[in-house]
Amino acid sequence: MPELADTGRRIKELRVSAGMTQHDLAGSEMSSSYISLVEHGKRIPSGWALKILAERLGVCVAEISGAAAPAEDTGRARRLDLVGRLVAARRQWDGGDVEGALSEFRALAEMEPANRQDDVFTEAQLAIAEILGTLGRADEGAEVLERMLEVLAPEPYAEPRLRALIALADLLESAGRVQDGLRYALTGHLECTGQRPGTGFHSLLVLEVLTRCAYWSGCPDWAPDTDHGRPSADGVLPGPRASVDLHRALDLRDRGEPERATELLGECARRVTPAAGFPLWEKINGHYALLLLRRGERAAARSIVERGLVVASVAQEPGFPLWLTTADAAGAAAAGELARLFALGAELAALPDTGRSHEKAAALGEVAAACARAGDRERAAGHFRYSAELFRRAQAYRHAERARERLTELIEKRD
């Protein structure tokens, strides 16, 4: 299979020239073992996979697929030099030198147009916005992306514009501005609809952020319930697929269909591993354990929680395992371990309100319900009030209304 072997060889040559490891090239969407199979000519990368790899390597798809002659050596050298700087900046960031990485990304973004590559310019700006978001400066990150969108016309189809819309929606949702995020996610979805087949990869990313923002905004029906645009199952994008299924399951639960929700989330939990991203993995498993507890399957739920907390400890994940802890609290309530329930509830309430405050609000709602079932209505009422306020701050107004309704029901029962 000479064409397949040539494609793998070109990918390896470009990766090595750019100073990237197989792990660097794989990113969060693929595995390093998948890259190894491609480079050794043992796996045929799909069109979507080729598109991702080309973007990371800073070349066009034709240059690695062999559909056209490679670019001139001088142009390639220039491109690889800039891509190498991008990779080095990303490593600075991964290594903890956030300010140094931010400075390098800004230097790449501020180069004169004649000396830069458009794809490098795009990657640098997206990285700047992402870093600012992690530093709690979401408004500054949003401004970077909004400036990008001002100069990128929606017609004809512009991939950088779509990526900016996806990144902006994600940034705003993660900062607790879910309805602002929904607006940009809807824009991205509308611009994707009816476009050329090559947009399938980004259609899935748009669907994921739209489903997430729509759920938290209280408008889950705004996200299409379809698998249209999903790339084939070749090891690519397990995270976005799982996130879509998670939020669909949560909507089914809220609509009073816990059995369908449990079935969907159970399949998702069996399919997804921590390699897809620990925060998403622990969220899926935490919610799945909560649904199992509702069905009275305490032993199964406890097993999931205990295993998840061990993985978090061994992997030394920096993020707090919000949903595994929430499921742990609900399990303690079911087992009559009230002191543990109250202690975990206090730990959750003490978490910072920054970031995805709607996630914290939802977790507190679960703890409040557990406290109510345990007979501590005062504690439950306090958690419901706090939950409603956090939902309101995050623009999740329908969820805030439901929290207030549950508070009212609790008070009326007490009276």
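Computed from a predicted structure; not experimentally measured.
- More than 12 heavy atoms of other shown residues, nucleotides or ligands fall within 6.0 angstrom of atom CZ in Arg15.
- Of the residues listed (Gln395, Glu173, Arg177), the one engaging His358 in a side-chain hydrogen bond (donor to acceptor under 3.5 Å, both in side chains) is Glu173, and it is the only one.
- Scanning both residues, Ala242 and Arg271, for their nearest heavy atoms gives CA-NH2, 4.2 Å.
- Only one option out of Arg253, Arg248, Arg255 pairs with Asp251 in a salt bridge (Lys or Arg N to Asp or Glu O under 4.0 Å); it is Arg255.
- A heavy-atom distance below 4.5 Å is found between the side chains of Leu265 and Ile284.
- Leu348 has its side chain out of reach of His383: every pair of non-hydrogen atoms, C-beta onward, lies at least 4.5 Å apart.
- Residues Val311 and Phe278 meet the side-chain proximity criterion, which asks for heavy atoms closer than 4.5 Å.
- Counted within 6.0 Å of CZ on Arg398, heavy atoms from surrounding residues, nucleotides or ligands total 12 or fewer; the atom is thus considered open.
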What donor-acceptor contacts under 3.5 angstrom involve side-chain atoms of residues 123-138, with partners at least two apart or in another chain?
from: Glu123; atom 1: OE1; to: Arg163; atom 2: NH2; distance (Å): 3.3
from: Glu123; atom 1: OE2; to: Arg163; atom 2: NH1; distance (Å): 2.6
from: Glu123; atom 1: OE2; to: Arg163; atom 2: NH2; distance (Å): 3.0
from: Thr134; atom 1: OG1; to: Ile131; atom 2: O; distance (Å): 2.6
from: Arg137; atom 1: NE; to: Glu140; atom 2: OE2; distance (Å): 3.0
from: Arg137; atom 1: NH2; to: Glu140; atom 2: OE1; distance (Å): 3.1

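- Electrostatic pairing of Asp24 and Arg91 counts as a salt bridge here, judged by a charged N lying under 4.0 Å from a carboxylate O.
- Side chain of Ser243 to main chain of Gly239: no donor-acceptor pair is present (N/O by atom type, distance under 3.5 Å, no hydrogens or angles).
- Residues Gly345 and Val367 share a closest heavy-atom pair of CA-CG1, 3.8 Å.
- For the side-chain contact (heavy atoms from CB on, under 4.5 Å) with Gln22, the qualifying choice from Ser36, Ser31, Ser33 is Ser36, the only one to do so.
- Minimum interatomic distance between Thr273 and Trp281 (heavy atoms only, all atoms of both residues): C-CD1, 3.4 Å.
- Residues satisfying the ring-ring contact (aromatic ring centres under 6.0 Å, His included) criterion with Phe342, sequence neighbours excluded, are absent altogether.
- Rounded to the nearest 0.5 angstrom, Ile52 CD1 and Leu57 CG are separated by 11.5 Å.
- Rounded to the nearest 0.5 Å, atoms OH (Tyr288) and CG (Leu246) are 13.5 Å apart.
- A 4.5 Å side-chain heavy-atom check between Pro258 and Arg294 finds every atom pair outside the cut-off.
- The pair Glu389-Arg385 fails the salt-bridge criterion, with no side-chain N (NZ, NE, NH1 or NH2) lying under 4.0 Å from an Asp/Glu carboxylate O.
- How far CZ of Arg161 is from OG1 of Thr122: 13.0 Å, rounded to the nearest 0.5 Å.
- Taking CG of Leu14 as the reference point, atom CZ of Arg56 lies at 14.5 Å (rounded to 0.5 Å).
- Here Arg295 pairs with Glu297 in a salt bridge; the nearest charged N to carboxylate O distance falls below 4.0 Å.
- The only member of Leu210, Leu171, Val206 that meets side-chain contact (heavy atoms from CB on, under 4.5 Å) when paired with Ile166 is Val206.
- Ionic pairing of Arg270 and Glu267 is present here: one or more N-O contacts between side-chain nitrogen and carboxylate oxygen are shorter than 4.0 angstrom.
- Two residues are said to be in side-chain contact when any heavy atoms from C-beta on lie closer than 4.5 Å; Ser387 and Arg406 fail this criterion.
- Smallest separation of non-hydrogen atoms from Val178 and Ala396: CG2-N, 3.9 Å.
- One finds the CG atom of Asp170 at 7.0 Å from the CD atom of Glu208 (value rounded to the nearest 0.5 Å).
- Panel note: side chain Thr211, backbone Leu207; a donor-acceptor pair is recorded below 3.5 Å.
- Between Phe320 and Glu347, some side-chain heavy-atom pair lies under the 4.5 Å cut-off.
- With values rounded to the nearest 0.5 angstrom, Leu390 atom CG is found 5.0 Å from Asp353 atom CG.
- For Ala363 against Leu322, the heavy-atom pair with the smallest separation is CB-CD1, 3.9 Å.
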